[in-house]
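This chain uses plain numbering: 1 for the first residue, then up along the sequence.
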Amino acid sequence: MQPFLFHHIFRNISKFIYKMCLPKEYKHNRRYWPYFSVQRNAQGDLEKVFFRKKLIADNTNQVTTSKRKCVLVATGPSVKNIDHNFFYNPEYDFIGVNGAISLDYIHFKYYVIIDHNFTGNRFDLVMKVLQSDCTLFTTPRCLDVILRRIHPDTIKCSIRVIETISQDKTIDLFMGKQTPVDLSQSYFHLYGQFGFSTNIFNAVFDYFTVAYVALQVAYSIGFKEIYIAGLDMNNFSQPRFYEDKENKQPTMLDQYLDLTLPAFDAASEFFKENHVDVYNLSLNSAVESFKKINTNSLVKP
């Protein structure tokens, strides 16, 4: 029997056993057991993730930067209009999301991927991230997709695992049960029904867009000046800058703008309170939460 077929059968048997033996509050982990195990601190923060007893992600290794500024590169079509020289500025660290890695002229120090559909459908781009020297922030589901495809020894980037809060204010704990989130904790900052987390290894808010998670990551790293490229949030029928009409992946962002746009307003309030300057480099963006500026004013002659 070929190894792939054997592992596929074994996983299906394991999922059935797990489902039959544990309560429904644990069912989200059936795809992970018995391959994964985790270590948490007394506050419940995710510290370490093991795959087949091998350490695959160590959140206790603090991620910091010596730079004040960063550029978060999202994947809206407007990225194509930015002068390449802007991305050569050594004053910035660059944070990529999803398909931004296709911009070969940018050296990404940090990366964020939380969409398991993107991970599976565009594994060619995910593999470029895995083969780089960046620090990748990703979810248990995405990590599982990755480790079903490649051996962990082939991964060159450093991995950190984060967990997202569901819209019902619960969290599916990695190798734990589904549990309500204690929003009274000091690291959760609430603005109406929207939140911003300053403890990303406890939980993060996502509001259906990886850019929102990336902003929480950027703050946790320590950036005080954040520029966002490609945060268009409109023209959803157009391919992302790394796609064409033939390989365009579907999006549901247009269905969740009533959550996504107010969430960015909440993030804006948080950043103002904490003296972090955030600028939107997409002049026609539907996101009005951050001051819009033209990159021409930032490109050195």
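A salt bridge is absent between Asp277 and Lys291: the closest approach of a Lys/Arg side-chain nitrogen to an acidic carboxylate oxygen does not fall below 4.0 angstrom. Checked for salt-bridge contact, Asp104 and Lys128 meet the test: a charged N lies under 4.0 Å from a carboxylate O.
Between Phe196 and Phe270, the ring planes are parallel. Angles under 30° get that label, and only those over 60° would be called perpendicular. Taking the six-membered ring for Trp and thresholds of 30 and 60 degrees, Tyr88 and Tyr105 have ring planes more than 60 degrees apart, a perpendicular arrangement. Ring orientation note: the planes of Phe86 and Tyr227 are nearly perpendicular, at an angle over 60° on the 30°/60° scale. Under the 30°/60° scheme for interplanar angles, the aromatic rings of Phe201 and Phe137 are found to lie parallel.
A distance below 6.0 Å separates the ring centres of Phe174 and Tyr32. A ring-centre distance under 6.0 Å is not found for Phe264 and Tyr207.
No side-chain heavy atom of Ile146 sits under 4.5 Å from any side-chain heavy atom of Phe51. Looking at heavy atoms from C-beta onward, Thr135 lies in side-chain contact with Arg160 at the 4.5 angstrom threshold. Asn284 has its side chain out of reach of Lys292: every pair of non-hydrogen atoms, C-beta onward, lies at least 4.5 Å apart. Put simply, the side chain of Leu173 does not reach to within 4.5 Å of the side chain of Val38, judged on heavy atoms. With contacts defined as side-chain heavy-atom distances shorter than 4.5 Å, the pair Arg149/Val126 does not qualify. Contact annotation: the side chain of Cys134 never approaches that of Lys109 to less than 4.5 Å [non-hydrogen atoms, C-beta and beyond].
Asp206 contributes no side-chain N or O that, together with a main-chain N or O of Thr209, makes up a donor-acceptor pair within less than 3.5 Å.
Residue pairs meeting the side chain to side chain donor-acceptor pair (under 3.5 Å) criterion with at least one member in residues 261-275, sequence neighbours excluded, are Tyr191-Glu273, Asp265-Ser289.
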